[in-house]
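Read the numbers this way: they start at 1 and go in the same order the structure lists the ligands and their atoms.
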Amino acid sequence: MEENLSHKMDLDKINIHAEPPAEEPVRQYYYMAKCREWVQAFEQKNGRRPCFCIQTFGCQMNARDSEKLAGILARIGFVSQDHEEADLVLYNTCTVRDNANQRVYGRLGYVHSLKKKNPAMLIGLCGCMMQEETVIQKLKESYRFVDLVFGTHNIYKLAELLYARFSGETAVFDIEKENTRIVEALPVTRKYPYKSGVNIMYGCNNFCSYCIVPYVRGRERSRRPEEILDEIRALADDGVVEIMLLGQNVNSYGKTLSEPISFAALLRQVEQIDKIKRIRFMTSHPKDLSDELIETMRRSQKICRHLHLPLQSGSSRILKCMNRRYDQEQYLALAEKIRRNIPDISLTTDIIVGFPGETEEDFKETLKVVQKVRYESAFTFLYSKRTGTPAAAMEDQVPKEVAQDRFDRLLALIQQISRECCGRDTGRVMEALVEETNNQQEGFVTGRLSNNIMVHFPGPSDLVGRIVPVRLLEPRGFYYMGRMEEQ
Ligand code: 5AD
Ligand code: SF4
């Protein structure tokens, strides 16, 4: 599904024999028209249109970026397909932890074998991993079959880069160090008709000592509220009922705009858009979470009852080494204030185990916070050393077995608490946005509650995309089984 955003440019009206325009986004529409010529030639030769497959790693930001890449390719005339035997395979990579990188190298080995059978196949790489110089070197030396490489700051340029490849450049590498501009109004193909992510800001200025994101996504930049609201209105007109506002640190949204605005104020404006029924956001940094935001959530009918509040560690000493700029006491006070003001909220978190210098005592502090906050669910990660970050140079890296043992103990505690939390609303009727038909159980659909917990219940497939009342009958650990109620 292609979003009908403000600039629906007609590719037929573009003079592809003229010089490329300098300004964006028209320059990209010009290159889309040029690439379309290539697609038409492909179609004449092969009797079918070329197909593409995008594999996305990492977070919601990357998922949204992939929708933009898919939008450009669809506009050029490529057809989407979900397996890697395609004419163009694009990996949108993540580098937050080393295992994300390793998975990409694994996939590259696999597509290389496909390319040996089909030499015309094009292989592209983009996203966070490509912002690392060591990765680029490795690709240039050992992965010479890759055709197209670009980073996080220039995904809008896909058509231009693809055209360079079509015009004979053997391997196109285009990485920008910093994001100097935000290009609006390019085509987007959404994965879901009824829900969408919306970027409200890019980059990150926090420099947590373990984290590579500020180096690969650049400095923090907020989009202007009018642009965000226009995009959401267009999405709403196109059938979207739930949006997720995306940023590395949404709580610092708007502070650097020429006319500063708070994140809570932005939320209140989004709430005015009639056809939007649910609003989510990701991610909140505890140090910037304001009372104004809590109050805005408390009063809101649309902002979902879910807050993802990364803890990272429960030990104040480790938090200091992590450069998180809050301590255990402040975090616990914040969690308590949120639960007091919004009693039906569900709190989730991210925790890193095995940060350099973490002792058993530090780890017990993490367990203590988990026990006190009682997260509905939590993502736990083994610390992964990222080259170039301050933590990579710290002494006392924790031995693997010690970190793994702590990880297992933490996970067991989190799962036990999640199970207890999930039963809390048994018997109640709650609204669920139906997201898909259930592929495990014939005749069932799966919905998401405002608090982000899933519920499976019998229902026809045409419920997908609708918000319906569901009675929660039976908790099953992390989800419920339910029954749809009369509306
Ligand atoms: N090692 C392990 N986990 C990390 N994260 C970020 N960087 C690292 C790292 N070097 C985790 C954090 C963050 C989540 C997206 O990934 O918990 O919140
Ligand atoms: Fe991975 Fe971070 Fe990039 Fe998201 S922003 S894809 S988590 S490195």
Exercise. What atoms in ligand 1 come closer than 4.0 Å to a heavy atom of Gln312?
Worked result: 12 (C), 13 (C), 17 (O), 18 (O)
Seminar exercise, completed: Note on atom 4 (Fe) of ligand 2: protein N/O/S atoms within less than 2.8 Å are Cys59 SG
Exercise. Hey, which atoms in ligand 1 end up nearer than 4.0 Å to a heavy atom of Arg386?
Worked result: 10 (N)
Exercise. Relative to Phe173, does Lys140 satisfy both conditions: NZ or CZ under 6.0 angstrom from the six-membered ring centre, and within 45 degrees of the ring's axis?
Worked result: yes
Exercise. Ile261 and Leu266: which non-hydrogen atoms are nearest, and at how many Å?
Worked result: CD1-N, 3.9 Å
Exercise. Of all the non-hydrogen atoms in the protein, which one sits nearest to atom 18 (O) of ligand 1, and at what distance?
Worked result: Asp350 OD2, 2.7 Å
Problem set entry | Sub-4.0 Å atoms of ligand 1 with respect to non-hydrogen atoms of Leu382 | 1 (N), 2 (C)
Exercise. So, Arg305 versus Asn451: side-chain donor-acceptor pair below 3.5 Å or not?
Worked result: no
Seminar exercise, completed: The closest protein heavy-atom partner of atom 7 (N) of ligand 1 is Tyr210 CD1, 3.3 Å
Exercise. Distance under 6.0 Å and angle within 45° of the ring axis: does Lys138 meet both against Tyr105?
Worked result: yes
For this session: Number the atoms of ligand 1 from 1 as they appear, then name those within less than 4.0 Å of a heavy atom of Tyr383, with their elements.
Result: 1 (N), 2 (C)
Exercise. What orientation do Tyr91 and Phe57 show, parallel under 30°, tilted 30 to 60°, or perpendicular over 60°?
Worked result: tilted
Problem set entry | Top protein contact for atom 11 (C) of ligand 1, by heavy-atom distance | Arg97 NH1, 3.3 Å
Exercise. Is a side-chain donor-acceptor pair under 3.5 Å present for Thr283 with Gln248?
Worked result: no
For this session: Start with the C-alpha gap between Gln416 and Glu420, add the side-chain angles, then the distance that decides, and say whether side-chain hydrogen bond (donor to acceptor under 3.5 Å, both in side chains) holds.
Result: CA-CA 6 Å; Gln416 180 205 325; Glu420 291 164 12; 3.1 Å; yes
Problem set entry | Ser315 backbone acceptor or donor facing Ser313 side chain under 3.5 Å | yes
For this session: Report yes or no: does Lys302 contribute a side-chain atom to a donor-acceptor pair with the main-chain N or O of Ile273 at less than 3.5 Å?
Result: yes
For this session: If you have a sec, work out which protein heavy atom is nearest atom 5 (S) of ligand 2 and how many Å separate them, to one decimal?
Result: Gln248 NE2, 3.2 Å
Seminar exercise, completed: among protein heavy atoms, the one nearest atom 4 (C) of ligand 1 is Ile352 CD1, 3.6 Å
Exercise. Between Tyr210 and Arg386, is there a cation-pi geometry (under 6.0 Å to ring centre, at most 45° from the normal)?
Worked result: no
For this session: Please determine if Arg107 and Glu84 form a salt bridge, counting it only when a charged side-chain N lies under 4.0 Å from a carboxylate O.
Result: yes
Exercise. So which heavy atom in the protein is nearest atom 6 (C) of ligand 1, and how far is it from that ligand atom?
Worked result: Val96 CG2, 3.4 Å
Seminar exercise, completed: When distances are taken from atom 1 (N) of ligand 1, the protein heavy atom at minimum range is Ser384 N, 2.9 Å
